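Presented below is the structure to which this report refers.
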2 protein chains.
Amino acid sequence: MNTKKSQGGKSRCPICQLGIFTELGRPIEDALQNLDAESLNFMAGSTVYETASAATAIYVLMHGYVKLAKTTLIGKSQIIRIVRAGEIFGFDGLVAEYYNHSAAAVGEIDVCRIPVAGLQDLGEHKAEVERLIMVRCIKELQHADERLLELGAKRSPERLASFLVDWCNAASANGWVPLVLSRSEIAQFLGLTIETVSRLFASWKRDGILREQKQSIRVMDWQRLKLLAQSN
Amino acid sequence: MNTKKSQGGKSRCPICQLGIFTELGRPIEDALQNLDAESLNFMAGSTVYETASAATAIYVLMHGYVKLAKTTLIGKSQIIRIVRAGEIFGFDGLVAEYYNHSAAAVGEIDVCRIPVAGLQDLGEHKAEVERLIMVRCIKELQHADERLLELGAKRSPERLASFLVDWCNAASANGWVPLVLSRSEIAQFLGLTIETVSRLFASWKRDGILREQKQSIRVMDWQRLKLLAQSN
DNA sequence: CGCGAAGTTGAACATAGTCAATTTCCGTGG
DNA sequence: CCACGGAAATTGACTATGTTCAACTTCGCG
């Protein structure tokens, strides 16, 4: 068993504590408490759901990182999204019978699992929650569009550089930023090989653009990195 | 002026005739008639909206094909989606101030333009329409995920082969299928160059897998094409 | 300390891109 | 109906980017 419920059974899901639904106002927050949402904890590397497993819930990531991935028939896998705390994943649960991708924990995570069946019980508030989900979904779609541009129209240095720029920006901590992903995961995310990623890191470290220590990176020359992200 | 309204001003938009919203039932169909949706006709190659233009409407494609594209700062463009009749595009209108991609007609098209402001006036039906849009959006997201796998984890022959398989399947007409897109557009869609696409076509025609005449293709050997789509 | 996994590095190779020369296609006008 | 002109597509030769394979090093952990 690679998953454990943090406090067993239908524990009160702390959705609101993260502020995802707070914008909807208190009555809805209360209604959400009545869903049988569960707070779950997964240890590093464990699977939240597999491709083609029954899509019965959507998830809100409370803490940590989740990677969503798809695999070709010949076994090459592509990470389609890295989910951050506060984001929703598992949209498939709302329209499809099965998930079309897998979700796995990168490091230890806490998620809130919301059974889709429960959403039906929201009554008058259902519409507002669905609207919020719609908005989130559209944002995901925009993000996916951006990634299609990355994968379809950019070369390896541009892909890695803009990935690093995004990653460090999201981390907001300037200075050292924990790089949660392994070389292999970065490669799978960018549609490259481990070796290519490794060589680019090495080259940029040599050039003084980056430094790395203990799974963390620090950008020394933002200007050059951003330039690499845009052209050659 | 490269666009013209088919019958000037706020013409009755034939949304329902396409059956997109019919699943919602008659009262909602009627309510939709009261939006100031416009039926528009664009000639081949003209632009429905540009990247970064004000996102004030969503569109339903009534007839033809639309290509949605993004461009890198150095001018390489990537087609992120080919929209077919009956599909919604311009989801950005619902959440963002500006479109993050462009939309252009491939051949002549008819679209129904629904101002987002109008959706607010749907009153009690708003929720149901938004739910439908949410469902469509999630399906687009799944489709985008699939394309990320194509671009990130597959080689040129696999990309082109699976594109052709999809294209011909969607056209449902077995036998000759009109290939609406130019080599350049196919290349932009698959993240390849015109030359690579051209060479693959040539090679497959030589091998008797395909035939082509007058902008239409015919798959002669489905088994081999599907095999090409999956592995090497 | 030692083992296994992750990461690095080099050399050879292959895939796809670039550049350039033709050829084909198609609409326009004679 | 044919001829012309321009755009699209094809083809070849060369190049470059990134992959593959393999050896080796580093890191983390028991």
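For clarity, every value in this text was computed on a predicted model and none was experimentally measured. Here is how names work: the chains are called A, B, and so on, in the same order as the sequence lines, proteins then strands, and each is numbered from 1.
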Task: Contacts of type side-chain contact (heavy atoms from CB on, under 4.5 Å), residue B/Asp207, not counting sequence neighbours - done: B/Ser203, B/Ile209, B/Arg224

Task: Reading 5' to 3' through nucleotides 18-27 of chain D, protein heavy-atom contacts under 4.0 Å coded B for base, S for sugar-phosphate only, - for none - done: SBBB------

Task: Which residues share a salt bridge (charged side-chain N to carboxylate O under 4.0 Å, His left out) with A/Arg81, sequence neighbours left out - done: A/Glu87, A/Glu140

- [ ] For residues B/Asp145 and A/Lys70, report the shortest heavy-atom separation together with the two atoms involved.
- [x] O-CD, 3.6 Å

- [ ] Report yes or no: do A/Glu150 and A/Ser162 form a side-chain donor-acceptor pair below 3.5 Å?
- [x] yes

TODO: Just jot down the side-chain contact (heavy atoms from CB on, under 4.5 Å) partners of B/Ala103, sequence neighbours excluded, or say none.
DONE: B/Val48, B/Tyr49, B/Val66, B/Leu68, B/Phe89

Open item on the list: I'd like to check the side-chain contact (heavy atoms from CB on, under 4.5 Å) partners of A/Ala171; sequence neighbours left out, ordered by chain and number.
Closed with: A/Val177

Task: Nearest heavy atoms of A/Trp167 and A/Ile82, plus distance in Å - done: CZ3-CG2, 4.0 Å

- [ ] Could you note down all residue pairs passing salt bridge (charged side-chain N to carboxylate O under 4.0 Å, His left out) where residues 159-177 of chain B supplies at least one of them, sequence neighbours left out?
- [x] none

Distances for protein N or O near nucleotides 6-9 of chain D N or O, under 3.5 Å:
| residue | atom | partner | partner atom | Å |
| --- | --- | --- | --- | --- |
| D/dA9 | OP1 | B/Arg183 | N | 3.2 |
| D/dA9 | OP2 | B/Arg183 | N | 3.3 |

Less than 3.5 Å apart, which donor and acceptor atoms pair up between the side chains of residues 190-197 of chain A and the rest of the protein, not counting sequence neighbours?
| residue | atom | partner | partner atom | Å |
| --- | --- | --- | --- | --- |
| A/Thr193 | OG1 | A/Thr196 | N | 3.3 |
| A/Thr193 | OG1 | A/Thr196 | OG1 | 3.0 |

Open item on the list: Listing request: all salt bridge (charged side-chain N to carboxylate O under 4.0 Å, His left out) pairs with a residue in residues 178-189 of chain B, at least two apart in sequence or in separate chains.
Closed with: B/Lys67-B/Glu185, B/Arg183-B/Glu212

- [ ] Classify the side-chain pair B/Glu146/A/Asn100 by whether it contains a donor and acceptor separated by less than 3.5 Å.
- [x] no

Task: Positional range of nucleotides in DNA chain C within the contact set of chain A, heavy-atom, under 4.0 Å - done: C/dG7 to C/dT18

TODO: Enter the inter-axis angle for the ends of the helix from C/dC1-D/dG30 to C/dG30-D/dC1 (five pairs per end, rounded to 10°).
DONE: 40°

TODO: Just jot down the salt bridge (charged side-chain N to carboxylate O under 4.0 Å, His left out) partners of B/Glu50, sequence neighbours excluded, or say none.
DONE: none

